[in-house]
Amino acid sequence: MLSRLREVLPQALPLPSLDEQWIRFEDPAAQFAETLAFVGGKCETAPTLAAALDLVAQTAPAVEAKRTYSWFDGFPGANVAMEAIEDPHSLADVDMAVLPGRMAVAENAAVWATEQGLRHRVILFLTQHLALIVPRARLVDNLHEAYGRLSFETSDFGVWISGPSKTADIEQSLVIGAHGARSLTVVLTDEDFLGQ
């Protein structure tokens, strides 16, 4: 039977060339914001990191949060000390997490987040509401460009996040927060606080 299947296999085709013109946007930040809104997230802009943190602190999820973790020092209401947590399961009731995004992609509103500086990377998925702050200088047009910039020298783990978690697999009903954050806010800031 296997030999008969081999006789009818489709012909192998050459792989497509990657040397082509990839999508570019006149205003990548506007495209990112529009695409993020389309997938259920919210994009804001701020001139500095401090302004970005203030903006996030004023959002409803941050104001209403009982347990908040912030990668950034001095975030108002931050009361989860990650370095003191041994068991990542104890992060299951975190309401709000404020973390850095390492890169953002205008094409699909994806943000690259890593475990760099995080004791437990599961916070990216357990928190009810997620805010990612991304330097505008790290916004690229497309995924091809983004993958060319990725580096795993400082972190072995990375994940693309685009919009809040959602699924419509069950009876074609949209469920937000099925396997991750129920809301995502991305703030693009003019300050490149991540450095090199």
Side-chain angles (χ1 to χ4, degrees), residues 1-45 88 97 99-118 120-188 192 194-196:
M1 183 167 96
L2 290 177
S3 61
R4 291 171 94 186
L5 284 173
R6 286 187 193 98
E7 291 173 10
V8 294
L9 286 176
Q11 294 292 321
L13 297 173
L15 293 173
S17 170
L18 296 179
D19 298 325
E20 57 183 80
Q21 292 295 319
W22 297 93
I23 192 165
R24 298 267 176 217
F25 299 100
E26 191 173 309
D27 186 346
Q31 178 64 39
F32 178 86
E34 180 182 329
T35 306
L36 185 60
F38 180 75
V39 298
K42 184 177 179 183
C43 181
E44 301 283 355
T45 59
L99 304 167
R102 304 288 169 172
M103 188 181 340
V105 183
E107 175 182 29
N108 60 358
V111 176
W112 182 249
T114 70
E115 65 185 347
Q116 188 176 351
L118 284 177
H120 301 294
R121 64 186 177 206
V122 73
I123 190 68
L124 287 158
F125 312 104
L126 288 182
T127 186
Q128 291 297 306
H129 302 279
L130 179 62
L132 297 171
I133 300 177
V134 184
R136 187 187 298 266
R138 294 167 183 260
L139 174 64
V140 298
D141 287 292
N142 56 67
L143 273 174
H144 182 74
E145 185 180 356
Y147 276 108
R149 291 187 181 192
L150 287 185
S151 170
F152 290 94
E153 292 177 12
T154 56
S155 180
D156 295 333
F157 170 85
V159 61
W160 291 108
I161 297 174
S162 182
S165 160
K166 59 192 133 329
T167 184
D169 291 345
I170 302 167
E171 298 181 10
Q172 298 180 350
S173 296
L174 181 62
V175 178
I176 304 293
H179 43 75
R182 291 187 293 140
S183 75
L184 173 66
T185 300
V186 177
V187 182
L188 298 176
D192 192 353
L194 294 172
Q196 297 294 334

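We use all heavy atoms of the structure for the numbers below, so side chains are in, but hydrogens, waters and symmetry mates are not. Throughout, numbering of the chain's residues begins at 1 and tracks the sequence.
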> Of all residues at least two apart in sequence or in a different chain, which pass the ring-ring contact (aromatic ring centres under 6.0 Å, His included) check with F125?
Replying inline: none

> Just wondering, do L124 and F157 contact through their side chains at under 4.5 Å, heavy atoms?
Replying inline: yes

>> Suppose we screen for salt bridge (charged side-chain N to carboxylate O under 4.0 Å, His left out). Which residues come up paired with E115, at least two apart in sequence or across chains?
In response: R121

>> Within this structure, what is the CD-CD1 distance for the pair E44 and I133, rounded to the nearest 0.5 Å?
In response: 11.5 Å

> Can you pull the salt bridge (charged side-chain N to carboxylate O under 4.0 Å, His left out) pairs that have at least one residue in residues 141-163, sequence neighbours excluded?
Replying inline: R24-D141, R24-E145, E145-R149

> How many angstroms lie between atom CG of N108 and atom CG of L143, to the nearest 0.5 angstrom?
Replying inline: 4.5 Å

> If every non-hydrogen atom of P164 is compared with every non-hydrogen atom of L184, which pair is closest and at what distance?
Replying inline: N-CB, 4.0 Å

>> Atom CZ of residue position F38 - does it have more than 12 heavy atoms of other residues, nucleotides or ligands inside 6.0 Å?
In response: no

> In a check of side chain to side chain contact (heavy atoms under 4.5 Å, CB included) between M103 and each of V140, L139, V134, which one passes?
Replying inline: V140

>> Determine whether a donor-acceptor pair (N or O, by modelled atom type, separation under 3.5 Å) exists between the side chain of S162 and the backbone of A109.
In response: yes

>> For Q31, is there any backbone N or O sitting under 3.5 Å from a side-chain donor or acceptor partner on T35?
In response: yes

> Yes or no on side chain to side chain contact (heavy atoms under 4.5 Å, CB included) for H129 and R182, after CA distance, side-chain angles and deciding distance?
Replying inline: CA-CA 6 Å; H129 302 279; R182 291 187 293 140; 3.3 Å; yes

>> My understanding is that only residues two or more places apart in sequence, or in another chain, count here; which of them pass ring-ring contact (aromatic ring centres under 6.0 Å, His included) with W22?
In response: H144

Donor-acceptor list for residues 1-13 side chains, cut-off 3.5 Å, not counting sequence neighbours:
none

> Where the side chain of D192 meets the backbone of P135, is there a donor-acceptor pair that is under 3.5 Å apart?
Replying inline: no

> Which residues satisfy the side chain to side chain contact (heavy atoms under 4.5 Å, CB included) test with A37, sequence neighbours excluded?
Replying inline: none

> How many angstroms lie between atom CD of E34 and atom SG of C43, to the nearest 0.5 angstrom?
Replying inline: 11.5 Å

